[in-house]
Amino acid sequence: MSVKDKTVDPAAQQMLQKVQADGVETVWDRLQEQQPQCGFGTLGICCRNCLQGPCRINPFGKPDRGVCGADAHTIVARNLLRNLAGGTAAHVDHAYDAVEALYAIAEGNAGYQIKDEGKLQAIATRLGLETEGRDTGELAKAVAQKALETFTNHTDDTMGWLKAWAPRERLDTWRELGVLPRNADREIREAMHQTTMGVDADPVNLLLACVKQGLVDGFAGLKLATDIQDVIFGTPKPIQSETNLGVLKADHVNVIVHGHVPLLSEKVVEWCNKLEDEAREAGAAGINVAGICCTGNEVLMRQGVPQATNFLGQELALATGAVDLMVVDVQCIMPSLANVAQCYHGEIVSTMPIAKIPGAEHVPFSFEEADRQAEKIVRKAIKSFKKRDKNKVQIPDEKVSIVAGFSMEAIVEALSKVNADDPLKPLVDSIKDGAILGAVATVGCNNAKATQDLNHVTMVKELIASDVLVVATGCSAYALGKAGLLHPDATAKYAGEGLKKVLTAVGEAAGLGGPLPPVLHMGSCVDNSRIGDLLVALADYLGVSVKDLPVAASAPEPQHEKALSIGTWAVAMGILTHVGLPPAVLGSDVVAGTLTGEKIESLLGGRFYVETDPKAAADGIIKHIKAKRRALGI
Amino acid sequence: MPPMAYVIIGNSAAGIAAAERIRRYDREKPVIIITDEQYSAYSRCLTSYYLAGQLTERDMYLRPADFYDRLGIDLKRRQKVVAVDQEKKVVVTDKGQSISYTKLLVAAGASPKVPVIPGINSRGVYQLRTLDDAKKIAMDAGEGKNAVILGGGLVSLKAAAALWQRKMQVTVLVSSNQVMSQTLDQTAAGFVESKLKEMGITVKKQTRAMLVENRNNRVTGVRLAGGEFFPADIVVVGKGVRPNTGFFLGTDLVNEAGAPLRVNRYQQTADQDIYAAGDVALTYDLVQEDYTYNAIWPNAVEQGAVAGENMAGISCEYAGSISMNSAVFGGLSVIAAGITRPGSGLQVLEEENPRAGTYKKLVFAENRLVGYILVGDTARAGLYTGLIKSRKKLTNPDSLLEKPRRFLHINSHLGTVLNVN
Amino acid sequence: MQQLLIDPDRCLGCHSCELACAVEHALSKDLFAAVLNKESSAASIFVETDGETNLPLQCRHCQEPACANACMSGALQRDAETGKVLFNRDRCVGCWMCVMACPFGAIEQDRGQKVISKCDRCPDREVPACAGACPTGAIKFVEIAEYSSDRRKRYLTEFVKER
């Protein structure tokens, strides 16, 4: 595989040459070594759920059943449900951490404050809580209580967070299908039970359980995590920053925050500022923090912390030789980081009790001691800086200016500068008159099987040229940022005429002195809930259902189980959801056909759409958007 | 002395295999094949398929059209060998030609035995051995007509099935109390008989044909000893074969009419320049542990190859033959090899499943597999054949009743598995 | 001459070779397309086990092929140049003589089509699909000379277990 086949990111290309010269193994080498990858696994027809196995189904004949008698359809559907439960569990656990933090704050036991009281009020109101006469702490506690019930209640009642925020039409649809989740923990547990040996064999019933997982992820994972994080750390507003490995500074102590949960990284950023003097004493010009993956997105959105690189670049960041310390929390952290770090001087510090890495130092995180731990970690970084071998340092020049911070609230605020009384009107009018054809959310990961960032960038350039407004989160936002698409200049360069006109009008009205960027960075992968909120608001405004909107979602380079559960949530919301790499379901025509077929679309309004060619995917999405427009009569 | 020449009498399995093998080592010296037929080498085993209308003449040929030219073989067609002068090392044909040999291979095959029954020479009475036989029967065959098959052996049943495929009314008259009595035991034969019956072929057992009735010398039917009469437009006689060794009669190689040529492990007869292979040869049978007449295709090919190699001056021993046959009737597959009707002193493992339509019989001599029958499910039969040939003693013969695993006797063949001879 | 060599000690029984073989012999030669379009195909390599050792086994393309010797229709013939035992499907009449003869059980019956199927050693590929798919190197396609006599001996001595 040539460097160009591995990534389109020029900084990554440069670092790939360096690691090759340094003899350091990366994710692409390991992918190569894994070839050929198992066809049974690829098709999802391998079952390891009991000790009579492992069993695999021959797609061309016998054996067509596992030892227990499960056929390909059962096995594929069970495996998918377990994948979804995994992805859902990750987001719900993330949200749980945030809620615990909120509770600790309310109890006065955490080193955090509530930054967005307005949002806390709004959430409490929506949850039907009494807000009058309650102080912030009391209200926070009440909200946290409600949130905890969403994870674990002991009734058959529908999950609170879903009930409070899901549109009525969706609730009815889900109720009819019998997929309304009761509480997150119970549904995840049930999915594990349902898929264990000798329980559910009906692929359709299993797929309905998949939809349920999607809803748990969407409301008890994404939505709940974003809401609480906004309350604690503030709701993002447009903010300027930079992206790509060029943000690392040769003369600074470089600290990278990597993972997904912002609880510790917020503190690390704070302590990097506090300990600047110590860094200078150690011979550095200061302390520079940069982010990787969604922890990076969280601190970018709220504090403008620059972004180092996305998922596939994490090892390459260390290869600059300029990263003194990388602090990681959970999800998408390659265990190989410890090995790469050994080849350079950087230290890896793990912080979460469920995410330890051999070869990394573990500094356990707690709400109560967050400050002390952050301080300790930053001091380690300064110490590590002193060990840095300047001869080994090679920082690519690439860094690109970006604008981020487009929370739902921020978008509405920008629009309100055009029409203060009716902020959504300008956007809706632009969609109606065709200046904006529709909207697409590109989300999700990098995947070493696809050239890094290529699908994201190729597809989005096609979309915005066709006047489709793109919003992005997660590693997709990184990819688009590195390609310059999160900058207002890209509007003139890449956006179609209609889209350009609207973005310029809103941008100028909002006092940005130019257009909005053609791709709006809405945050981390849990912040996909912001996209959900926006779509619900738009649908409400138009008096239609989300499923009727001329919109689509896409994970052009999905890698993580979370991408599958987010995608399922999107489909459950009624959205056409493109994936650029097929999940392991092709071994069952029943499962694959159902997920991508008319049946699921007729029931939910959304379906999955698998297309590996990004240009063809853009065409397919545009076709879908046009069909939705026709159906709306616009 | 005439120049060195390889002469092969017979242009079928053994003859062709020998010629090819000679040419592997000797591209120079003349190779002459003599055949009394007009055709290039074709497969006699396919004649029933031709008769059934399943194959055309073109499909019968074993080798491409340029085969003889490419290998530099002089094929003498339509010449019947009438005598071999061992002194002068000359083969004499019915066309009066004398062909000198330095090494001679007799691969002249065998001819059908014709029973002595009044009327057996009537028009419409055939054997099925050659392509010409098949052509003649095919000319006479026709939908709705009656065919009587005399004999219940493999060739007879293949002929019966072929004529049945031509939508004829077919009756098989068998003298013993089962079909394929040389190949199968009664149980296996029962499966075949049921299948034939299911197809609509009548099988009469323990019959003796007394008279082939005719009108104007044209067959009208077959009368049994008991008086029963079976009308017939065609009679096919399949009562076994005898080796074509007539031209040696009276020499010390053949002392009675129709006797085979006994050969040593090099396929050599008592005359060191004369080799024999295929249906004329009497070879050592691995499981009978005696010289046995096993006139089957695979043996002919192997013996021809061994003879050819030795004729070319490369010493090569024949491992020995076993009898083995595979037949398919209306989708029912039957494979049998080695000893299938054991006498005393042999052990038998059997498994019959009438519902599944399968039967398996394994015959052992002192824990060595010496024979088997598979009916219905014949998958991987060769594992058993290989086990017979390996002569390996088994510690757990019972396990062979299970579906044979490809591991079965890998160990004994390991060298070949790994291509490291 | 390149040969498919098997190292049974390395075979983990994953059946990847079987899947790759079936895919290579499907119309599209592509896993996803073959499965999505329901192309019919079958493997000609078989992973077998005696409980202790796994053995991926395909046609050995024997020097003295018992199958070709038994083939009465001329459908199976050994190609002297490549050493492959070639199968011509059009000539096969489904008599199963080769099935009776092959000592490895490497020939499969397609009873519906009344023809056999066996390894063709992937004429369209440089390295046969089974060897290419083997994650552990239990199936290797190598010049026969590359396998040292030591190695051959090891197979012959250590693998053989009398039962």
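Convention: sequence-line order gives letters A, B, ...; per-chain numbering from 1. Just so it is clear, the structure is predicted and the values come from calculations on it, not from any experiment.
Contact check for Gln109(C) versus Thr378(B): side-chain heavy atoms found under the 4.5 Å cut-off. Side-chain contact between Met100(C) and Tyr372(B): present, with at least one pair of heavy atoms (C-beta onward) separated by less than 4.5 Å. Side-chain atoms of Ser73(C) and Tyr49(B), non-hydrogen and from C-beta on, never get closer than 4.5 Å to each other. Inter-residue side-chain proximity for Leu46(B) and Met72(C) is flagged as met; some heavy-atom pair is nearer than 4.5 Å. Contact annotation: the side chain of Pro103(C) never approaches that of Lys389(B) to less than 4.5 Å [non-hydrogen atoms, C-beta and beyond]. Using a 4.5 Å heavy-atom cutoff, the side chains of Glu302(B) and Glu64(C) are not in contact.
Around NZ of Lys84(C), the count of heavy atoms belonging to other residues, nucleotides or ligands within 6.0 Å exceeds 12. Summarising the local packing, CD of Gln182(B) is surrounded by 12 or fewer heavy atoms from other residues, nucleotides or ligands at distances under 6.0 Å. Atom CZ of Arg27(B) is surrounded by more than 12 heavy atoms from other residues, nucleotides or ligands within 6.0 Å. Around CZ of Phe141(C), the count of heavy atoms belonging to other residues, nucleotides or ligands within 6.0 Å exceeds 12. For CZ of Arg89(C), the number of neighbouring non-hydrogen atoms (other residues, nucleotides, ligands) closer than 6.0 Å is 12 at most.
Neither the backbone nor the side chain of Cys67(C) comes within contact range of chain B; no heavy atom of the residue lies under 4.5 Å from a heavy atom of that chain. Heavy-atom distances place both the backbone and the side chain of Leu62(B) under 4.5 Å from chain C. Contact annotation for Arg44(B): neither backbone nor side-chain heavy atoms come within less than 4.5 Å of a heavy atom of chain C. For a residue to count as touching a neighbouring chain, one of its non-hydrogen atoms must lie under 4.5 Å from one of that chain's; by this rule Asn325(B) touches chain C with the backbone only. For Leu374(B), no part lies near chain C; criterion is any non-hydrogen pair under 4.5 Å. Contacts between Gln77(C) and chain B at a heavy-atom distance below 4.5 Å involve the side chain alone, from C-beta outward.
In this structure, Met97(C) and Ser326(B) approach most closely via the heavy-atom pair SD-CB, 3.9 Å. For the pair Ser333(B) and Trp96(C), the tightest heavy-atom approach, listed with the atom from each and the gap, is OG-CD1, 3.2 Å.
Comparing Gly376(B), Ala337(B), Gly304(B), Gly331(B) by how many heavy-atom pairs each has under 4.5 Å with chain C, the most go to Gly376(B). The greatest number of non-hydrogen atom pairs below 4.5 Å with chain C, out of Ala305(B), Ala379(B), Ala17(B), Pro298(B), is found for Pro298(B). Options Cys95(C), Ala106(C), Ala66(C), Ala80(C) differ in how many heavy-atom pairs under 4.5 Å they form with chain B, and the most are formed by Cys95(C). Each of Ala101(C), Ala70(C), Ala68(C), Gly74(C) has some count of heavy-atom pairs under 4.5 Å with chain B, and the biggest count is that of Ala70(C).
The structure places CZ of Arg405(B) at 13.0 Å from CG of Leu57(C), a figure rounded to the nearest 0.5 Å. Distance CZ/Arg406(B) to OG1/Thr49(C): 13.0 Å, rounded to 0.5 Å.
Using a cut-off of 4.0 Å between Lys/Arg side-chain N and Asp/Glu carboxylate O, Arg380(B) and Glu48(C) are scored as salt-bridged.
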